[in-house]
Structures are given as structure tokens and as C-alpha cells.
Amino acid sequence: MNQRLALPDGVQAALLISFDVDAETMWTSKDPRNADRPAVLSHGRYDIEVGLPLILDMLDRHELCATFFVPGWVADNHPAAIEELHARGHEIAHHGYLHDGMHGVDRAHELEVIRQGIVALEKITGTRPLGYRAPMYEINVHTWDLLREEGFLYSSNMMDSIWPYRHGGGPQPLVELPVQWMLDDGPYYLVSNHPPNHRQVYAPNTVVEIWTDEFRGLHLLGGVMTLTLHPQITGRPSRLAALERVIDDARSYTDVWLPTHGELAKACLDGADD
Ligand SMILES: [Zn+2]
């Protein structure tokens, strides 16, 4: 059975800021033919060329460290950008290798992909990643066992809670830091031709309102708000400014913590062991 984990003493609520650095794999994993569409791939290049540098400067201004979920392919193909994240103190976590969806994939194949991703990230950081977010949050029933076998401390994929919890089913602790599509930048801002994906683009102020209202509710309930962001989506000037307003709002409370995913997972587990 899953076991809800308390936040550390003195922390009423937490805001987790994560960026999925999908780069070109966001597009090639949706349709391999996108490898031959330079304009489509240029969405992904924005991650590396513009989005990440702007985000790093913003995080520095706020003296914040965030968690960056990086597909192994991105680490292998853009090592300088990912090294920069690591050098500036941010957490690098696992986000598949080619960003392929793992739905229905057998255990052996999924293990191979997870190991490929670990090798790529280890080349940058020198250590195994603590956390795993599946591309498109696609988890199989055997995924928890694989994560435990590979020494992961946490997953950030599930939408069944507003509190961190410990997954049942194994002796080795595996923490869940829950997510939600309403806290992902994709549904508000992502537009593309291939695949056709013409959503209404939301005004950043509307997104600020949705996220700050949700955070107020979570704060009353002692919850955790995990933002799933993408440098190629949120790394636009107006959207980054909106994110700063969400950060400022969270920091207006005296009992809110803005840790990395790894820091929160460790702190919650330490508290549970007391
Ligand atoms: Zn992704």
C-alpha cells in the first residue's frame, strides 16, 4: 500500500519547479519523419539555444535550484548545455533516452532504455540520477520494480495525490512526487503542425491565475505543487515572467519550501524514518 509522507517540520507546502529538456526528441518521438523537418526540429533547438540560458539566469536571480529531467539522447547530443545545468547546481534527472513512450513496452526493453539513459546522464554528472519521469508520464506496471532495481529514489509521474507518498510493493523506498496536466505548461501553450496540435494559446496571466489559485488551495491542505515545464515552451519572455510571478507568490508565504525534487524526496523519507 502507498504511504503518504509528511513534509518536513515547519514546511506547510512545497513548490517543485521542474523542466523537461526534451529538445529535438519532443518532436522525433512524436513522429520519426520530423527528423527531416528542420522547422519542426527548431522548436527543440530553442530549448538549447535560448530557453535554457534564459531559465538559468532567471533561476539565478531568484537564487533557486530546479530539477531538469533530461532524455539521454539530449545529454549525448548537447553535452555542454547539460553540463552547464549541473555546474550551476541544478538536479539532473532521468527522462528516458529517445523520449519514446513506454506504454506497453516489455520489461526487458524498458530496462534497456532506462539503463541507456542512466549511462548518458552519469557521463555528465558522475552519479546515477535519483529521479525518473517517463516521457509523457507513461508508466507500466513493472516500472516501479525497474526503478528500485536501478537505485532510483523517486518517481514524478502519477496524478493520484496532492501529497508526496511512498510507493508500496517493495522494501526499497520509492517516493512519488505527483504531477498533474493542469500544472504542465503543454496544455496551455503548445502548438505544432506535426503532429497537428492547434490548441488555444493561453495568456500567461491566465496561467498565473490558475497556478497561484491552485497553490493557495494546496497550501491550505499541506500539499505539493509540481510544475512540469519545458524550456521550448515556457522559455519565452512573457511566459518566464509569468513563472516568476508564480514563484514570487509562493515565496510570499513564510512556510513554503522550493526544493529540488531530490531534496524533497530525501527530506520526506528522513522524516518518515524518525
Ligand atoms: Zn518530455
Side-chain angles (χ1 to χ4, degrees), residues 16-32 34-35 37 40-52 55 66-79 81-82 85-86 90-105 109-110 113-118 120-121 124 129-140 143 146-147 152 154-159 176-192 194-195 197 199 207 226-236 239-240 243 260-262:
L16 294 175
I17 298 171
S18 61
F19 293 93
D20 294 359
V21 190
D22 300 342
E24 292 93 329
T25 68
M26 180 185 283
W27 305 98
T28 49
S29 62
K30 289 184 198 302
D31 180 350
N34 282 340
R37 292 182 173 125
V40 172
L41 285 186
S42 71
H43 288 267
R45 292 288 305 174
Y46 188 93
D47 256 11
I48 306 300
E49 305 292 339
V50 184
L52 281 179
I55 287 163
T67 300
F68 290 81
F69 290 90
V70 181
W73 184 93
V74 175
D76 281 342
N77 286 274
H78 301 293
I82 310 307
L85 299 177
H86 178 60
H90 301 289
E91 179 186 4
I92 311 292
H94 199 303
H95 193 42
Y97 189 79
L98 290 171
H99 200 259
D100 285 344
M102 289 288 109
H103 174 67
V105 161
H109 181 70
E110 188 169 354
V113 173
I114 288 174
R115 286 186 173 160
Q116 238 185 327
I118 291 172
L121 299 187
I124 306 271
L130 294 177
Y132 178 70
R133 174 173 293 151
M136 283 77 74
Y137 309 122
E138 282 185 0
I139 290 284
N140 292 303
T143 306
L146 298 181
L147 296 181
F152 284 91
Y154 72 86
S155 143
S156 188
N157 293 289
M158 301 295 280
M159 307 202 182
E176 184 64 36
L177 302 172
V179 292
Q180 229 292 333
W181 281 113
M182 71 171 289
L183 300 171
D184 188 306
D185 58 4
Y188 304 107
Y189 296 139
L190 182 66
V191 174
S192 69
H194 301 286
N197 191 353
R199 295 170 179 152
V207 180
T226 308
L227 291 179
T228 303
L229 310 168
H230 301 78
Q232 59 187 288
I233 299 174
T234 285
R236 306 292 310 193
R239 297 169 181 173
L240 266 182
L243 175 60
T260 63
H261 283 48

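Atoms within each ligand, like the ligands themselves, are counted from 1 in listed order. Values below: all heavy atoms of this structure, side chains included; hydrogens, waters and symmetry mates excluded.
- When only modelled atom types and interatomic distance are considered, Ser156 and Arg133 share a side-chain donor-acceptor pair under 3.5 Å.
- Rounding to the nearest 0.5 Å places CG of Leu229 at 9.0 Å from OH of Tyr189.
- Side-chain contact between Met102 and Val113 is present, with at least one heavy-atom pair separated by less than 4.5 Å.
- Listed by chain and number, the residues in a side-chain contact (heavy atoms from CB on, under 4.5 Å) with Ser192 are Trp27, Pro195, Asn197 (sequence neighbours excluded).
- Neighbouring protein atoms of the Zn ion (ligand 1) (N, O or S, distance under 2.8 Å, waters ignored): Asp22 OD1, Asp22 OD2, His95 NE2, His99 NE2.
- Formation of a donor-acceptor pair under 3.5 Å by the Asp20 side chain with backbone atoms of Asp22 is not found in this model.
- Aromatic ring centroids of Phe69 and His261 lie under 6.0 Å apart.
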